[in-house]
Undergrad: 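Just dropping this structure here.
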Amino acid sequence: MPLFTVDPNNVFGKTIDEAGTYNVKVLPTSQLVTAKSGKQMVTLNFEVLDGKYAGGEIRYENVVWDDSTTEKYYQSITRFNTILVAAKVPAGTEIADLGAFTRGMVGKQLAVNTDWEQANNGNYYLRVTGYRNYQEDGSKPNGVKRPQGNSNNRQGNGFTNNYQQQNTKQPTNNGFANNGGFNNPNSNQEPIRDDQLPF
């Protein structure tokens with residue numbers, strides 16, 4: 001009797017095969033990092049909540065705080081405020097810092113618009129293009145499938161594995177494919193409890 005049988009329906013990291021608008025929740029793996037440029041950046045990871053891609057993840061969506069000029073400072077406020085409003089954080093809520101933003105967003109539900117973006121390695125990954133309130137009528141894939149990019153998905157074991165892409169880190173808005181080059185001050189952080197959330 002075998003130990004188990006390979007089952008493509010029983011895998012971690014369910015693949016999302018279409019762009020579209022998805023109801024999501026913010027995962028606890030989201031974190032505040034510091035880029036090489038010294039700018040603070042929040043990396044948001046999302047899990048799809050409903051529809052045929054429920055359980056699939058949209059990962060490594062980076063939101064950069066840039067206060068190098070007055071114009072960029074106000075753009076940063078609008079950028080982060082857009083996400084908070086989409087997550088229905090009450091008007092008038094004060095955000096002390098980006099650590100509070102990150103902790104407070106964990107578990108929040110909202111909807112994200114997505115599209116395909118090509119990374120430096122030639123592969124295409126799902127990227128967030130906008131934020132909306134949670135959609136009561138459910139997630140809406142738009143039928144636009146992943147474009148064919150670099151087909152070199154061969155792993156070291158010699159198998160061409162079509163599940164590899166679901167465990168590959170997605171690109172960020174600044175072109176980095178992972179947290180390499182970032183100083184992550186929260187890498188040993190304890191799990192966040194509900195009573196620790198700032199909003």
Side-chain angles (χ1 to χ4, degrees), residues 12-13 16 21-49 55-115 117 119-120 125-135 167-199:
F12 289 115
I16 301 171
T21 300
Y22 293 100
N23 284 329
V24 296
K25 71 176 177 183
V26 179
L27 293 171
T29 54
S30 300
Q31 59 187 340
L32 173 62
V33 297
T34 302
K36 286 182 180 179
S37 66
K39 293 181 175 66
Q40 289 189 306
M41 181 170 66
V42 176
T43 300
L44 295 172
N45 296 319
F46 305 100
E47 180 181 332
V48 176
L49 295 173
E57 293 185 9
I58 302 166
R59 303 190 312 170
Y60 306 105
E61 180 58 30
N62 290 337
V63 189
V64 177
W65 182 268
D66 186 348
D67 57 5
S68 59
T69 67
T70 301
E71 180 183 7
K72 289 180 179 178
Y73 169 74
Y74 285 109
Q75 286 175 345
S76 293
I77 291 173
T78 302
R79 182 178 303 119
F80 281 83
N81 191 61
T82 299
I83 299 168
L84 293 164
V85 170
K88 295 188 177 179
V89 174
T93 301
E94 295 181 353
I95 308 302
D97 54 38
L98 292 185
F101 170 90
T102 307
R103 292 188 306 277
M105 284 300 299
V106 170
K108 291 284 188 285
Q109 296 184 2
L110 65 156
V112 292
N113 299 329
T114 64
D115 204 350
E117 180 177 273
N120 293 337
Y125 300 94
L126 208 54
R127 178 179 176 272
V128 173
T129 60
Y131 302 88
R132 307 171 68 173
N133 293 138
Y134 184 93
Q135 304 294 291
N167 294 318
T168 302
K169 291 189 174 186
Q170 296 192 17
T172 65
N173 294 339
N174 60 9
F176 288 99
N178 56 38
N179 286 338
F182 295 123
N183 174 24
N184 176 6
N186 299 317
S187 59
N188 295 319
Q189 184 175 353
E190 292 290 320
I192 298 169
R193 300 186 320 262
D194 286 344
D195 62 351
Q196 294 176 312
L197 297 176
F199 52 85

Undergrad: Looking at NZ of Lys88 and CD of Gln109, how far apart are the two atoms once the value is rounded to the nearest 0.5 Å?
TA: 10.0 Å
Undergrad: If you round to the nearest 0.5 Å, how far is CD of Glu61 from CD1 of Ile83?
TA: 8.0 Å
Undergrad: When rounded to the nearest 0.5 angstrom, what is the spacing between OG1 in Thr69 and CD in Gln75?
TA: 7.0 Å
Undergrad: So does Val63 get a backbone contact from the side chain of Arg79, meaning a donor-acceptor N/O pair under 3.5 Å?
TA: no
Undergrad: Nearest 0.5 Å, what's the CE-OG1 distance between Met41 and Thr34?
TA: 8.5 Å
Undergrad: Which residue, Val48, Thr129, Leu126, Val128, forms the side-chain contact (heavy atoms from CB on, under 4.5 Å) with Val112?
TA: Val128
Undergrad: Evaluate the side-chain proximity of Tyr73 to Ile77: yes if any heavy-atom separation is below 4.5 Å, no if none is.
TA: yes
Undergrad: For Gln135, check side chain to side chain contact (heavy atoms under 4.5 Å, CB included) against everything at least two apart and list the hits.
TA: Thr21, Asn23, Ala111, Arg132, Asp137, Lys140
Undergrad: With side-chain contact (heavy atoms from CB on, under 4.5 Å) as the test, pick out the partner of Leu110 among Leu49, Leu84, Val24, Val89.
TA: Val24
Undergrad: Taking only residues two or more places apart in sequence, or in another chain, which ones meet Asn81 in a side chain to side chain donor-acceptor pair (under 3.5 Å)?
TA: none
Undergrad: State which residues pass ring-ring contact (aromatic ring centres under 6.0 Å, His included) with Phe80; sequence neighbours excluded, sorted by chain then number.
TA: Trp65, Phe101
Undergrad: Please examine the side chains of Asp97 and Leu32, heavy atoms only from C-beta on, and report whether any two atoms are closer than 4.5 Å.
TA: no
Undergrad: Between Asn133 and Val85 (side chain of the first, backbone of the second, donor and acceptor by atom type, cut-off under 3.5 Å), is there such a pair?
TA: yes
Undergrad: Looking at residues at least two apart in the chain, or sitting in another chain, which of them share a side chain to side chain donor-acceptor pair (under 3.5 Å) with Asp115?
TA: none
Undergrad: As an exercise, state the distance from CG of Asn62 to CD of Gln31, rounded to the nearest 0.5 Å.
TA: 9.0 Å
Undergrad: Who pairs with Thr82 by side chain to side chain donor-acceptor pair (under 3.5 Å), at least two apart in sequence or on another chain?
TA: none
Undergrad: Taking the side chain as everything from C-beta on, heavy atoms only, tell me whether Phe46 gets closer than 4.5 Å to Val26.
TA: yes
Undergrad: For the backbone of Asn45 and the side chain of Ser30, can you confirm whether one donor and one acceptor N or O come within less than 3.5 Å of each other?
TA: yes
Undergrad: Got a sec, which residues hit side chain to side chain donor-acceptor pair (under 3.5 Å) with Ser68, two or more places apart in sequence or on another chain?
TA: Asp66
Undergrad: What distance do Asn113 atom CG and Tyr131 atom OH have between them, rounded to the nearest 0.5 Å?
TA: 10.0 Å
